[in-house]
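Taking it in order: structure first as structure tokens, then the write-up.
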Number of protein chains: 2
Amino acid sequence: MTKILKVSTLSDSRSSRRQRNAPTINDVAREAGVSPMTVSRVINGEQVVRAATREKVQAAITALNYAPSAAARTLAGGEETRIGLLYSNPSSSYLSEFLVGSLDQASRSGVDLVVEKWDDEETSIEAVVAHLQRGRIDGVILPPPLCDLAALVDALDRAGIPAVAVATGRAPSDLAAVSIDDRHAAYEMTRHLIALGHDRIGFIKGNPNQSASAKRFEGYVAALTEAGLPMRDELVAQGYFTYRSGLDAAEHILALADPPTAIFASNDDMAAATVAIAHRSGLDVPGDLTVCGFDDTSLATTIWPELTTIRQPINAMARAAVEVLVRQLKGRRKGDAAEHLVLDYALIRRQSDAAPRMRPRLGGR
Amino acid sequence: MTKILKVSTLSDSRSSRRQRNAPTINDVAREAGVSPMTVSRVINGEQVVRAATREKVQAAITALNYAPSAAARTLAGGEETRIGLLYSNPSSSYLSEFLVGSLDQASRSGVDLVVEKWDDEETSIEAVVAHLQRGRIDGVILPPPLCDLAALVDALDRAGIPAVAVATGRAPSDLAAVSIDDRHAAYEMTRHLIALGHDRIGFIKGNPNQSASAKRFEGYVAALTEAGLPMRDELVAQGYFTYRSGLDAAEHILALADPPTAIFASNDDMAAATVAIAHRSGLDVPGDLTVCGFDDTSLATTIWPELTTIRQPINAMARAAVEVLVRQLKGRRKGDAAEHLVLDYALIRRQSDAAPRMRPRLGGR
DNA sequence: CATGTTTTTGATACCGCTACCAATCCTTTG
DNA sequence: CAAAGGATTGGTAGCGGTATCAAAAACATG
């Protein structure tokens, strides 16, 4: 299940083909009355070409609907960078968006992308690393949950294969990373709930094997503390990012004598499970219980009510990961610290949150 | 958002690179004491090479850990086929699996894949087709729901771009298609429910704009008829493949005076919605109500209980679509009828189905 | 064993593009 | 105004394979 994708960008007017008899760089050169070399320069946006010449060439390119051959290009160009995208049972909505983003960026950056699935139950870390080496992978992208697998990161490091961790909570300073500020996002969501009027807010933690989980919890605690609200242990349940674990956690929290008026789950799957439990318990969402999630996967808008959640810019993170890796591969000197990119998230309000119902003791307005 | 993926297969021991100074075909030739041409033949599995020679070459390849350059290969090879994968808001789980499958097959078939998203609200059909032509796309793959968009298929046809419809219910005989037998799958699922002892089986139809919907409904009716069970209109609700529509449909069916003991939804999203409504109504699934879906998307195993459903071999369908298209592009003569491939589906039993509770009038055993 | 065939292998010529360096051209300056 | 110097442009030589056809080797046959 390995594939190597040689990519080039179309929007850039660059691409390849060779089907019937597509125009080549020579055709363009002849049409424009210049040498192929000049055309090559124009295509690659080199600054040396005089404006007048560039325009002639551009015109010829347009006239012939010319698109350079990716194959010839990399062949002639020398350097051919190949990066791997190692994934292991992520949520499929995450994967598809991640794939589309990284594919596109790989295209623009002119590198090959090898998409590889790793079944952590069947293959040892050594085997995967060896496989990558055999495949001549220059660097790898590690989307969650792999980005937090220290053993893998170490093995990669030992093998001398640079990596970029995506969406990890704690990135070692020597490992490049792209992420959002999980802590702050959770902090903001919690503040949002507090602003809505909630003062008993439940929290479902994420899988402890992913470092982002702790960050999200930290954000929740921080907001509570800042607002002077007590942080009650009984309102916090351990989850594992799966729907199943969310079911258990929500059940536990809602079975409390004095249940919270809002539950903030560490991801959408668990939030969806919370909604299911609420419904099963006869609670209206958001009328009786506000539920919000994290990630903004497609599940968030699939269920009803649609989830208020934190949107992670998955596509952008994927592109950024490719860029960072390529940059590291090309330029990086031994001494340089690894790049840590932090992208913006967004709090998306949908239909699963509302102000809490008035407490009985408070009476009407 | 366009990308062109030049692909080659690694597992095949073919690939490309050029990073530091990877071995070339010439290195292998020297090592094996033969000409580069012979090495090329071995790599491509041509039969003419004598066994002894082939072994020498294989040994050299292994010794040098040689992997051919995809770039050089297509460049030299002449023909460079490029196929497009046009998608429009499919479920993301469907997309990711489809992507992985088609990417891999494109790799093996040695063709470039251009993944293109079409936002049907922003771009006209003419514009998309023109864009594909400008991108020199030789043929396109149309996963659902695009495969049923007659206007698009026509426009493509007029533009002379071959297409393959994936998972469509009614494929025009002149359009290549890859699908499963939706009718028979639904028939089998319905029979399964009947065998379990259900005799009042509800059905939620899919979006009428997708031809597979009708096929699934046909299968349901056929199984009922065959078993001599009456087909009751009130047990059938119209849905649109969305979770929301499933909510409404399920609500409608379960509000009946004499509700069914099982509901067969035309896809997993609507089945999940049905489970949600059942739970909200205090019904146990599968104790009080059996629910089953269709597609086996990730949602089927996300929710609880996990859904009994029909598994569509999405990955295999994607690969098949690429193969069919490539075959059509390479070999097809004008007269030949388009290929219609029908792949196997599978009925996956999980936890959402069970025999109906005994009817009160029947008493205990 | 010479000769005709069929197989297998090799030599040559590019595929379309870019690296590298030489050739022009246009300025700038003494 | 000529020489010097920088800015542009062009020529040449591959990158790593494969198509094509010729050469060599192996097998058949009389």
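For the pair Y66(A) OH and dC17(C) C1', the computed distance is 7 Å after rounding to whole Å. M37(B) places its CE atom 12 Å from the P atom of dA11(C), with the value rounded to the nearest Å. One interatomic measurement links the two molecules: CZ of R30(A) to P of dG10(D), which rounds to 14 Å at whole-angstrom precision. Separating the CG atom of N26(B) from the P atom of dG16(D) is a distance of 8 Å, rounded to the nearest angstrom. Regarding R54(B), its CZ atom lies at a distance of 15 Å from the P atom of dT7(C), rounded to whole Å. D27(B) places its CG atom 10 Å from the C1' atom of dG16(D), with the value rounded to the nearest Å. Rounded to an integer number of Å, the gap from CD1 of I61(A) to P of dC17(C) is 10 Å. Taking atom CG of residue L75(B) and atom P of nucleotide dA13(C), one finds them 18 Å apart after rounding to whole Å.
For the pair V166(B)/C147(B), no side-chain contact is recorded, criterion being any heavy-atom separation below 4.5 Å from C-beta on. Residues L103(B) and L103(A) are in side-chain contact: their nearest non-hydrogen atoms beyond the backbone lie under 4.5 Å apart.
I83(A) contributes atom CD1, which lies 5.0 Å from atom CG of L325(A) (distance to the nearest 0.5 angstrom).
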Restricting both atoms to N or O, compile the protein contacts to nucleotides 24-27 of chain D shorter than 3.5 Å, with distance only.
none

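Between the side chain of T62(A) and the backbone N or O of Q58(A), at least one donor-acceptor pair lies under 3.5 Å.
Both R41(A) and G33(B) lie close to DNA chain C; mapped to their nearest nucleotides by heavy-atom distance, the more 5′-ward contact belongs to G33(B).
Relative to the side chain of T53(B), the nucleotides dT9(D), dG10(D), dT9(C) differ in distance, and dT9(C) lies closest. The listed nucleotides are dG10(C), dT9(C), dC15(D); the one nearest the side chain of S35(B) is dG10(C). The listed nucleotides are dG16(D), dT9(D), dG16(C); the one nearest the side chain of A76(B) is dG16(D).
Side-chain N/O atoms of T38(A) include none lying less than 4.0 angstrom from OP1 or OP2 on dT8(D). Contact between the side-chain N/O atoms of S40(A) and the OP1/OP2 oxygens of dT18(C) is found at a separation under 4.0 Å.
By the salt bridge (Lys or Arg N to Asp or Glu O under 4.0 Å) test, R50(B) pairs with no residue at all, sequence neighbours left out. Under the side-chain contact (heavy atoms from CB on, under 4.5 Å) criterion, A127(A) pairs with T123(A), S124(A), not counting sequence neighbours.
Contact annotation for V39(A): no contact, since no heavy-atom pair falls under 4.0 Å across all strands.
With no hydrogens or angles considered, a side-chain donor-acceptor pair links R319(A) and N315(A) at under 3.5 Å.
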